[in-house]
Chemist: 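There's a structure below that I have some questions on.
Being a predicted model, the structure only gives us computed values, none of them experimental.
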There are 2 protein chains.
Amino acid sequence: MNRVFDRSALRGIGTLAQTMHVSAGGDAPLDRDNATLVYIVAGAAKLIARAAIDREQVAAFNFADDIVMVPAQGAHAYLLQALVDCELLVFPYATLRDAVQVDPAVLARLLDNCDNALNRCREKALVLGRKTASERIACFLLSMAARIGVASGAAVLLDLPMSRRDIGDGIGLTIETVSRQFSLLREDHLIATQGRSKVLLLDLPALKQRAGYLKNRA
Amino acid sequence: MNRVFDRSALRGIGTLAQTMHVSAGGDAPLDRDNATLVYIVAGAAKLIARAAIDREQVAAFNFADDIVMVPAQGAHAYLLQALVDCELLVFPYATLRDAVQVDPAVLARLLDNCDNALNRCREKALVLGRKTASERIACFLLSMAARIGVASGAAVLLDLPMSRRDIGDGIGLTIETVSRQFSLLREDHLIATQGRSKVLLLDLPALKQRAGYLKNRA
DNA sequence: CGTACAATTGAGGTACTTCAACTTCCGTGG
DNA sequence: CCACGGAAGTTGAAGTACCTCAATTGTACG
């Protein structure tokens with residue numbers, strides 16, 4: 001595991017950090033006026049962009065060992081909400097950026113992390129702007145499989161920490177459309193569900209087909 | 001101007017760079033298998049994510065002095081296309097990241113740049129996922145005003161280098177819907193257009209209203 | 001075991017898309 | 001300078017994918 005904040009890195013910047021425990025459903029109490037960097041020690045969270053109280057977009061789902069860059073409030077408000085109980089390490093972005101200049105290797109890893117987040121966000125933009133409901137669900141499931149999936153023979157088991165509403169807010173659909181798409185995938189035997197949160201991906205190739213990925217892959 | 005690659009920075013990394021000239025409409029011939037960092041010396045470009053030949057999302061519009069991080073090809077292909085004739089400075093991302101560790105200040109500015117791109121991408125995700133057509137157009141115009149707008153009394157003049165199709169591909173609408181929304185804004189005297197590319201924003205407060213920004217701003 | 005909430009399913013509405021025709025713009029050549 | 005032609009943009013009519021509203025079923029927790 002190539003953690004951004006390994007023991008030696010933390011020795012230098014640990015004093016800048018603030019440890020937080022946020023219980024499931026709660027908002028991380030972050031500074032709204034300054035960008036913040038949050039290291040998720042344990043748990044799972046969603047970063048939401050809020051345009052109105054009843055209209056929000058999940059900008060990213062994040063899990064243990066992820067680093068989340070939470071923007072300051074601008075035209076819209078950003079909140080980091082815990083999906084399950086979380087342990088967080090919180091840094092003011094500007095302070096951290098300046099402090100880690102004594103350790104360029106850590107800075108480079110921060111850059112890599114930011115680049116990864118940017119790439120995921122761009123994939124999300126493509127999904128939101130140009131994909132159908134069934135493609136969106138397939139993309140979502142495959143992306144979750146890559147991050148928190150557990151191989152189970154030819155299948156992949158997902159234990160999703162987020163609700164159907166969260167999923168919908170993440171891929172720009174309503175809770176009902178998400179539910180209908182799950183039902184279609186079940187009918188076609190691409191997935192099986194168990195309870196509210198467990199999803200078994202039965203046919204990854206077929207899911208990739210539905211995701212609308214490029215045909216001519218390297 | 002706080003350029004990322006000022007004279008002293010370029011002295012150290014200039015040898016890594018490749019200069020390119022791309023004429024309007026052309027693709028920058030980048031390495032598809034590795035992430036690339038492009039500094040736009042002059043011109044304007046669009047970064048597109050392609051799901052199919054007839055289905056692409058503009059991930060970002062970029063202008064002179066911008067740094068664009070172009071992902072390697074994954075599930076989808078990314079292309080940097082020139083909107084007008086461009087002069088570019090191209091770096092392999094990984095090589096550059098390692099090389100600039102001798103100059104943490106440059107690394108920190110790269111991180112800031114990446115953070116800005118991430119923030120813009122997240123705003124885009126919110127627009128694509130949760131905004132109506134009229135809100136999207138307003139958001140687009142305001143975002144362009146902030147980047148390439150020229151104050152003209154109380155109004156702001158835009159000389160858009162991209163077509164209606166590009167705009168649509170950027171905010172997830174069809175060319176026809178974009179056109180209809182422009183017509184509505186004209187009827188309501190929020191904008192005036194002149195030729196294909198010039199847009200005069202006549203009423204910024206009203207545009208912000210239509211953009212669906214948060215009411216209770218600090 | 002019962003309650004509260006999450007998820008599913010159905011019926012009807014709507015915002016945007018698709019398809020098609022027309023108009024404007026603007027570079028080119030007469 | 002003006003006329004031409006092709007591309008870009010605009011406008012209209014019809015279709016559809018997704019949303020909204022409403023009722024039912026399922027799930028997890030006390």
Side-chain angles (χ1 to χ4, degrees), chain A residues 23-25 46 51-52 54-57 83-85 127-141 158-188 191-199 210 212, chain B residues 23-25 46 51-52 54-57 83-85 127-141 158-188 191-199 210 212:
Chain A
S23 47
K46 56 175 173 173
D54 60 340
R55 209 157 52 131
E56 52 188 47
Q57 174 68 35
L83 294 168
V84 301
D85 291 1
V127 165
L128 292 171
R130 288 281 174 251
K131 299 237 178 192
T132 65
S134 76
E135 289 171 335
R136 291 181 199 208
I137 293 285
C139 285
F140 168 78
L141 290 174
L158 288 180
D159 191 354
L160 298 176
M162 73 289 283
S163 68
R164 297 287 187 271
R165 173 168 303 282
D166 291 331
I167 295 172
D169 287 343
I171 57 181
L173 298 172
T174 59
I175 179 174
E176 293 96 333
T177 300
V178 171
S179 185
R180 274 184 259 268
Q181 291 299 329
F182 268 89
S183 297
L184 288 176
L185 289 172
R186 266 191 298 261
E187 284 171 26
D188 296 348
I191 67 168
T193 56
Q194 183 187 343
R196 284 174 183 161
S197 62
K198 288 191 179 56
V199 180
R210 294 212 182 186
Chain B
S23 45
K46 56 174 173 173
D54 62 338
R55 209 157 51 131
E56 51 190 48
Q57 173 68 35
L83 294 169
V84 300
D85 291 2
V127 165
L128 292 170
R130 287 281 174 252
K131 300 236 177 193
T132 65
S134 76
E135 289 171 334
R136 291 181 199 208
I137 293 284
C139 285
F140 168 78
L141 290 174
L158 288 180
D159 191 354
L160 298 177
M162 72 290 283
S163 68
R164 297 287 188 272
R165 174 167 301 282
D166 291 331
I167 295 172
D169 286 343
I171 58 181
L173 297 173
T174 60
I175 178 173
E176 294 96 332
T177 301
V178 171
S179 185
R180 275 184 258 269
Q181 292 299 327
F182 268 90
S183 297
L184 288 175
L185 288 173
R186 267 191 298 262
E187 283 172 27
D188 296 349
I191 66 169
T193 57
Q194 181 188 343
R196 283 172 182 161
S197 62
K198 288 190 178 56
V199 180
R210 293 212 183 185

Chemist: Could you tell me the separation between the CG atom of Asp54(A) and the C1' atom of dC21(D), rounded to a whole number of Å?
Modeler: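 To the nearest whole Å, that distance equals 15 Å.
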Chemist: What contact category does Arg186(B) fall into here, base, sugar-phosphate, or nothing, at under 4.0 angstrom with non-hydrogen atoms?
Modeler: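 Sugar-phosphate only.
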Chemist: What is the distance, rounded to the nearest whole Å, between atom CZ of Arg164(B) and atom P of dT23(C)?
Modeler: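 Answer to the nearest Å: 19 Å.
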Chemist: Check every strand shown and say whether Gly172(A) touches a base, only sugar-phosphate, or nothing at a heavy-atom separation below 4.0 Å.
Modeler: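 Sugar-phosphate, no base atom in range.
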Chemist: Base, sugar-phosphate alone, or nothing: which one does Arg196(B) contact when heavy atoms must sit under 4.0 Å apart?
Modeler: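 Touches a base.
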Chemist: Taking only N and O in the side chain of Arg165(A), is any of them less than 4.0 Å away from OP1 or OP2 of dC5(C)?
Modeler: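 Negative; the distance criterion is not met.
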Chemist: Restricting to non-hydrogen atoms, name the atom on Gln57(A) and the atom on Ile171(A) that form the minimum distance, rounded to 0.1 Å.
Modeler: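 Minimum heavy-atom separation between Gln57(A) and Ile171(A): NE2-N, 4.4 Å.
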Chemist: Does OP1 or OP2 of dT17(C) have a side-chain N or O of Thr177(B) closer than 4.0 Å?
Modeler: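 Answer yes for this pair, as a side-chain N or O of Thr177(B) is under 4.0 Å from OP1 or OP2.
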Chemist: Please report the distance, rounded to the nearest Å, between NZ in Lys131(B) and C1' in dC16(C).
Modeler: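 From Lys131(B) NZ to dC16(C) C1': 18 Å.
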Chemist: Say whether, by atom type as modelled, one donor and one acceptor occur between the side chain of Arg136(A) and the main chain of Leu128(A) under 3.5 angstrom.
Modeler: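 A pair under 3.5 Å: yes.
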Chemist: Report yes if a side-chain nitrogen or oxygen of Ser179(A) is closer than 4.0 Å to either non-bridging phosphate oxygen (OP1 or OP2) of dA7(C); otherwise report no.
Modeler: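 So the side chain of Ser179(A) is outside the cut-off, no N or O lying under 4.0 Å from OP1 or OP2 of dA7(C).
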Chemist: Using whole Å, what does the distance between atom C1' of nucleotide dG9(D) and atom CE of Met162(B) come to?
Modeler: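 Answer to the nearest Å: 16 Å.
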Chemist: Grab the CD1-P distance between Ile137(B) and dC16(C) for me, whole Å please.
Modeler: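 Rounded to whole Å, this separation is 10 Å.
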Chemist: Is a donor-acceptor pair below 3.5 Å formed from side chain Arg180(A) to base dG10(C), judging by atom type as modelled?
Modeler: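 Looking at the base of dG10(C), it does pair with a donor or acceptor on the side chain of Arg180(A) (distance under 3.5 Å).
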Chemist: Distance check needed: dA6(C) P versus Leu160(A) CG, whole Å only.
Modeler: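 That distance rounds to 16 Å.
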Chemist: For the base of dC21(D), is there a side-chain donor-acceptor partner from Glu176(A) under 3.5 Å away?
Modeler: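 Checked by distance alone, the answer is yes.
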Chemist: Within this structure, what is the CD1-to-C1' distance between Ile175(A) and dC19(D), rounded to whole angstrom?
Modeler: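 The answer, rounded to whole Å, is 13 Å.
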Chemist: In whole Å, what is the span from the CG atom of Leu185(A) to the C1' atom of dA7(C)?
Modeler: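 To the nearest whole Å, that distance equals 15 Å.
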Chemist: Taking Val178(B)'s backbone N and O only, do any of them form a donor-acceptor pair with Gln181(B)'s side chain (distance below 3.5 Å, no angle check)?
Modeler: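 No, because the side chain of Gln181(B) does not come within donor-acceptor range (under 3.5 Å) of the backbone of Val178(B).
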Chemist: Under the criterion side chain to side chain contact (heavy atoms under 4.5 Å, CB included), I'd like the reasoning laid out for Val127(A) against Glu135(A): C-alpha separation, chi angles, the key distance, then a yes or no.
Modeler: CA-CA 8 Å; Val127(A) 165; Glu135(A) 289 171 335; over 6 Å; no
Chemist: Does Thr174(B) have a side-chain nitrogen or oxygen under 4.0 Å from the phosphate oxygens OP1 or OP2 of dT17(C)?
Modeler: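 The answer is yes; a side-chain N or O of Thr174(B) sits under 4.0 Å from OP1 or OP2.
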Chemist: For Glu176(A), is there any backbone N or O sitting under 3.5 Å from a side-chain donor or acceptor partner on Arg164(A)?
Modeler: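 Looks like no, no N/O pair under 3.5 Å.
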Chemist: Nearest-nucleotide wise, let me know which of Glu187(B) and Gln194(A) is further upstream toward the 5' end of DNA chain D.
Modeler: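 On the 5' side of the pair lies Glu187(B).
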Chemist: Out of dT10(D), dA7(C), dT17(C), which nucleotide sits closest to the side chain of Leu173(B)?
Modeler: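 Per side-chain heavy atoms of Leu173(B), the pick is dT17(C).
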